[in-house]
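Reviewing the structure listed below.
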Amino acid sequence: KAGVTQTPRYLIKTRGQQVTLSCSPISGHRSVSWYQQTPGQGLQFLFEYFSETQRNKGNFPGRFSGRQFSNSRSEMNVSTLELGDSALYLCASSDGGAGDEQFFGPGTRLTVL
Amino acid sequence: KQEVTQIPAALSVPEGENLVLNCSFTDSAIYNLQWFRQDPGKGLTSLLLIQSSQREQTSGRLNASLDKSSGRSTLYIAASQPGDSATYLCAVLSSGDKLTFGTGTRLAVRP
């Protein structure tokens with residue numbers, strides 16, 4: 001099976017813009033979770049989608065949103081970008097059952113200028 | 001709120017040495033614990049997954065143990081190699097199906 005893929009791998013934006021990141025899970029997986037990694041805060045959970053519904057949410061402002069499509073692919077959107085949004089954004093997929101192992105993609109490196 | 005701590009934050013050892021990385025967590029109600037490796041600027045590579053009902057897992061030169069009642073896990077790396085140089089992260093999966101990560105141990109293995 002192919003692994004988790006994320007596009008684009010690198011992105012440069014300016015403050016105030018918005019950005020959309022994409023994640024394709026492992027075939028058959030129904031859950032996609034998003035994480036943000038920064039040097040100061042480490043890895044933090046953003047949200048999880050399961051069967052096109054947001055099932056869990058971390059402690060991030062409403063500028064961060066996401067969605068999941070019927071084929072389980074997920075997108076994450078960040079509006080009104082701030083310098084502090086510069087980070088590595090990782091997505092992980094799993095079967096979606098409680099306690100299932102999560103498999104991570106290579107990440108999207110977002111730089112906000 | 002689950003909190004995960006990793007000690008030490010950084011470690012430098014000569015090649016061939018055996019080493020132990022430590023991870024502790026505050027809430028023992030976990031589904032599983034995973035150890036990951038992250039190379040600079042890269043994503044996460046899963047090394048070992050220990051379910052909450054298990055005590056340890058082994059893969060090659062790596063052995064991870066879990067003591068859920070005390071909130072501790074260790075990652076043992078035998079006969080370290082320069083290629084093992086990376087940041088090692090532990091993460092616990094709790095209710096809400098979210099992983100809570102430690103801040104990592106940055107390992108450097110000197111030739």
Side-chain angles (χ1 to χ4, degrees), chain A residues 3-10 21 23 25-26 29-51 53-60 66 86-111, chain B residues 1-10 21 23-54 57 59 64 66 68 73 86-106:
Chain A
V4 179
T5 59
Q6 293 187 244
T7 57
R9 294 292 311 280
Y10 302 92
L21 313 182
C23 173
I26 291 172
H29 282 184
R30 294 180 295 166
S31 169
V32 173
S33 298
W34 289 89
Y35 294 83
Q36 180 197 64
Q37 185 178 32
T38 59
Q41 299 297 319
L43 270 153
Q44 294 185 290
F45 173 77
L46 280 155
F47 31 65
E48 183 220 3
Y49 284 85
F50 178 80
S51 293
T53 301
Q54 187 180 88
R55 189 162 68 171
N56 294 292
K57 187 176 187 306
N59 190 25
F60 278 80
S86 294
L88 180 66
Y89 290 89
L90 294 162
C91 82
S93 80
S94 75
D95 285 337
D100 284 342
E101 183 176 4
Q102 298 194 12
F103 297 85
F104 281 80
T108 294
R109 171 75 63 184
L110 172 64
T111 301
Chain B
K1 179 190 169 191
Q2 180 74 268
E3 293 182 2
V4 180
T5 304
Q6 290 187 246
I7 294 173
L21 308 183
C23 172
S24 61
F25 47 96
T26 54
D27 185 351
S28 61
I30 65 169
Y31 291 117
N32 60 48
L33 182 146
Q34 268 183 280
W35 282 94
F36 294 92
R37 168 188 171 135
Q38 186 174 35
D39 293 289
K42 306 292 186 182
L44 303 181
T45 300
S46 181
L47 297 173
L48 290 165
L49 169 74
I50 311 176
Q51 298 291 353
S52 63
S53 58
Q54 297 176 318
Q57 282 286 343
S59 177
L66 173 64
K68 203 173 74 158
S73 176
T87 295
Y88 290 80
L89 295 154
C90 78
V92 296
L93 187 67
S94 309
S95 63
D97 269 347
K98 69 170 195 176
L99 281 168
T100 302
F101 285 85
T103 49
T105 294
R106 192 167 63 252

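Sequence lines set the chain letters: A, B, ... in the order given, protein chains first and strands last, and positions in each chain run from 1.
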Inset, instruction - Let me know if B:Ile30 has heavy atoms under 4.5 Å from chain A in its side chain, its backbone, both or neither. - result: neither
Inset, instruction - Side chain from CB out, backbone as N, CA, C, O: work out which of these in B:Leu93 comes under 4.5 Å of a heavy atom of chain A, or both, or neither. - result: side chain
Inset, instruction - Search all heavy atoms of B:Leu44 against all heavy atoms of A:Leu90 and return the closest pair with its distance. - result: CG-CD1, 4.0 Å
Legend entry - Side-chain touch A:Glu48/B:Lys98, heavy atoms, less than 4.5 angstrom: no
Inset, instruction - Not counting sequence neighbours, which residues clear side-chain hydrogen bond (donor to acceptor under 3.5 Å, both in side chains) with B:Gln57? List them please. - result: B:Gln54
Inset, instruction - Mind ranking B:Ser46, B:Gly43, B:Ala91, B:Ser52 by heavy-atom pairs under 4.5 Å with chain A and telling me who comes out on top? - result: B:Gly43
Inset, instruction - Using side-chain hydrogen bond (donor to acceptor under 3.5 Å, both in side chains) as the criterion, list what pairs up with A:Gln37, not counting sequence neighbours. - result: B:Gln38
Inset, instruction - With chain A as the partner chain, list the residues of residues 99-106 of chain B whose heavy atoms fall under 4.5 Å from it, by residue number, and write 'none' if nothing qualifies. - result: B:Leu99, B:Phe101
Inset, instruction - Please flag which part of A:Tyr35 lies under 4.5 Å from any non-hydrogen atom of chain B: side chain, backbone, both or neither. - result: side chain
Legend entry - Option in B:Gln34, B:Lys42, B:Gln51 with maximal non-hydrogen atom pairs under 4.5 Å from chain A: B:Gln34
Legend entry - Region of A:Leu43 in contact with chain B, defined by heavy-atom distances below 4.5 Å: both
Inset, instruction - Sequence neighbours left out, what passes salt bridge (Lys or Arg N to Asp or Glu O under 4.0 Å) with B:Arg37? Give chain and number order. - result: B:Asp39
